[in-house]
There are 2 protein chains.
Amino acid sequence: MGITKTEIFTEEQNRIARIAKVLGHPARIAILEYLFKIQSCICGDLVNEIGLAQPTISQHLKELKNINIIKGTIEGTSICYCIDQEVLNEIQATLTKFLSPFCAREKKSC
Amino acid sequence: MGITKTEIFTEEQNRIARIAKVLGHPARIAILEYLFKIQSCICGDLVNEIGLAQPTISQHLKELKNINIIKGTIEGTSICYCIDQEVLNEIQATLTKFLSPFCAREKKSC
DNA sequence: ATTATTTATCGTAATATTGCAATATATAAT
DNA sequence: ATTATATATTGCAATATTACGATAAATAAT
């Protein structure tokens, strides 16, 4: 059917999956990597850097904004995108906690 | 077009995206959570636990096997699935490294 | 050999995703 | 007001994903 049965899963399971899904495309990984390196940039920079059409980059930016991992501030005619470090930390913590169940439960520290 | 242009991205970018994509469905998150909790189980257990049809669970297991995060060993008529702890650790390290670029580069330890 | 049990595969329908051309929107500069 | 610049949105085609019924395959028990 192509439609995910979100209602049979917990909030947390859906949340983890939603985050991972957004990270599940190399263009979005490339955008984040570039932002890590360059701190902030505008859409046009990413079009040049990555080599996908402007509407395609814009669409990927939208999906990254959906999980708030990036934020954009209007600056003249362009929009300055950067990582939201706080959200990034939360996402990192969420994934680490999920993927390190034994560290989190049995050991206490890794 | 529905087809990802993998050729314009680096191996590492594609690898991270491939891992995240597999984690990008709540059923697969639920399967992993169950395996974390229960250590090992058979397909039928997951069908009961999660509430999706057997072919659907089987398909999700296949995708998890594609990134080797789980492995299955034949045991009579059933197949015993469990987490591959070594691969899990690698995946966790890969995602943490990607999502903590400043920790990895500037600080050295987090 | 037959039957029961368990999982994988095939086929298919419904929906989602990816990518881009064309166009709209919005601000800056002249 | 007009033009240039930058980004978002719309519409569409191609492909991928999700889900499941039907069926195949493979072993265990009788």
Side-chain angles (χ1 to χ4, degrees), chain A residues 1-9 13-14 17-31 34-35 38 40-67 70-82, chain B residues 1-9 13-14 17-32 34-35 40-67 70-82:
Chain A
M1 298 169 184
I3 192 166
T4 298
K5 289 190 165 180
T6 54
E7 71 276 8
I8 67 173
F9 303 105
Q13 286 165 344
N14 284 314
R18 203 179 320 121
I19 290 168
K21 194 174 188 179
V22 170
L23 299 179
H25 192 289
R28 296 192 284 269
I29 297 298
I31 289 172
Y34 191 66
L35 282 175
I38 236 66
S40 71
C41 70
I42 64 174
C43 179
D45 294 339
L46 293 164
V47 173
N48 293 330
E49 175 74 11
I50 294 176
L52 287 170
Q54 180 270 319
T56 307
I57 295 293
S58 195
Q59 198 173 316
H60 286 303
L61 286 170
K62 192 178 180 183
E63 290 182 63
L64 289 168
K65 272 187 289 182
N66 281 342
I67 58 167
I70 64 170
K71 53 189 171 188
T73 51
I74 298 169
E75 207 151 285
T77 79
S78 56
I79 295 176
C80 182
Y81 285 104
C82 64
Chain B
M1 298 168 185
I3 191 166
T4 298
K5 289 190 165 180
T6 54
E7 70 278 6
I8 68 173
F9 303 104
Q13 286 166 344
N14 283 316
R18 201 179 321 120
I19 290 168
K21 194 173 189 179
V22 170
L23 299 179
H25 193 290
R28 295 192 284 267
I29 297 297
I31 289 171
L32 292 175
Y34 191 67
L35 282 174
S40 71
C41 71
I42 63 174
C43 179
D45 294 338
L46 293 163
V47 173
N48 293 331
E49 175 73 11
I50 293 176
L52 288 169
Q54 180 269 319
T56 307
I57 296 292
S58 195
Q59 201 172 313
H60 285 303
L61 287 170
K62 192 178 179 181
E63 289 182 64
L64 289 167
K65 271 187 288 182
N66 281 342
I67 58 167
I70 64 170
K71 55 189 169 186
T73 50
I74 297 169
E75 206 150 288
T77 78
S78 56
I79 295 176
C80 182
Y81 285 104
C82 65

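Protein chains get the first letters and strands the later ones, always in sequence-line order, with residue 1 at the start of each. FYI, side chains are in, hydrogens and waters are out, and symmetry mates aren't considered; it's all heavy atoms of this structure.
Here I42(A) lies in heavy-atom contact (under 4.0 Å) with sugar-phosphate atoms only. E63(B) comes within contact range of the sugar-phosphate backbone alone, with a heavy-atom separation under 4.0 Å but no base atom that close.
Across dG19(C), dT7(C), dA8(D), the shortest atom-to-atom separation from the side chain of C43(B) is found for dT7(C). Of the listed nucleotides (dG19(C), dA28(D), dT27(C)), dT27(C) has the atom at the smallest distance from the side chain of T77(A). With dA6(D), dC20(C), dC20(D) as the candidates, the nucleotide lying closest to the side chain of K5(B) is dC20(C). Looking at the side chain of K65(B), the nearest of the listed nucleotides dG19(C), dT15(C), dA8(C) is dA8(C).
Going from atom CG of L61(A) over to atom P of dA6(D) covers 15 Å, rounded to whole Å. To the nearest angstrom, P of dT25(C) lies 16 Å from CD1 of I74(A). The distance between atom CG of D45(B) and atom C1' of dT7(C), rounded to the nearest whole Å, is 13 Å. Computed from coordinates, the L46(B) CG to dT7(C) P distance equals 9 Å when rounded to whole Å. As a whole-Å value, the separation of R18(B) CZ from dA16(D) P is 15 Å. In this entry the distance linking NE2 of H25(A) with P of dT15(D) reads 15 Å, nearest Å.
Where C80(A) and A27(B) meet DNA chain D, the nucleotide closest to each residue was compared, and C80(A) sits on the side nearer the 5' end. The residue among E75(A) and R28(A) whose nearest nucleotide of DNA chain C lies closer to the 5′ end is R28(A).
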Table please: side-chain donor-acceptor pairs of residues 40-51 of chain A below 3.5 Å, with sequence neighbours left out.
{"from": "D45(A)", "atom 1": "OD2", "to": "I42(A)", "atom 2": "N", "distance (Å)": "3.2"}
{"from": "N48(A)", "atom 1": "ND2", "to": "G44(A)", "atom 2": "O", "distance (Å)": "3.4"}

Less than 3.5 Å apart, which donor and acceptor atoms pair up between the side chains of residues 55-62 of chain A and the rest of the protein, not counting sequence neighbours?
{"from": "H60(A)", "atom 1": "ND1", "to": "R28(A)", "atom 2": "NH1", "distance (Å)": "2.9"}

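Atom-to-atom distance recorded for T6(B):OG1 and R18(B):CZ is 9.0 Å, nearest 0.5 angstrom.
Taking side-chain N and O atoms only, Y81(A) has a distance below 4.0 Å to OP1 or OP2 of dA8(D). Contact check, K21(A) against dT17(C): a side-chain N or O comes under 4.0 Å of OP1 or OP2. For dT7(D), the OP1/OP2 oxygens have no side-chain nitrogen or oxygen of K62(A) closer than 4.0 Å.
In plain terms, the two heavy atoms of V22(B) and E63(B) that are nearest each other are CG1-O, 3.7 Å. Scanning all heavy atoms of the two residues, the minimum distance from E75(A) to C80(A) falls at OE1-CB, 4.0 Å.
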Yes or no on side-chain contact (heavy atoms from CB on, under 4.5 Å) for L23(B) and L23(A), after CA distance, side-chain angles and deciding distance? CA-CA 9 Å; L23(B) 299 179; L23(A) 299 179; over 6 Å; no
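Screening I31(B), I70(B), T73(B) for a side-chain contact (heavy atoms from CB on, under 4.5 Å) with Y81(B), the sole residue that qualifies is I70(B).
The stretch residues 48-60 of chain B touches DNA chain D through L52(B), A53(B), P55(B), T56(B), Q59(B), H60(B), each having a heavy atom within less than 4.0 Å of the strand.
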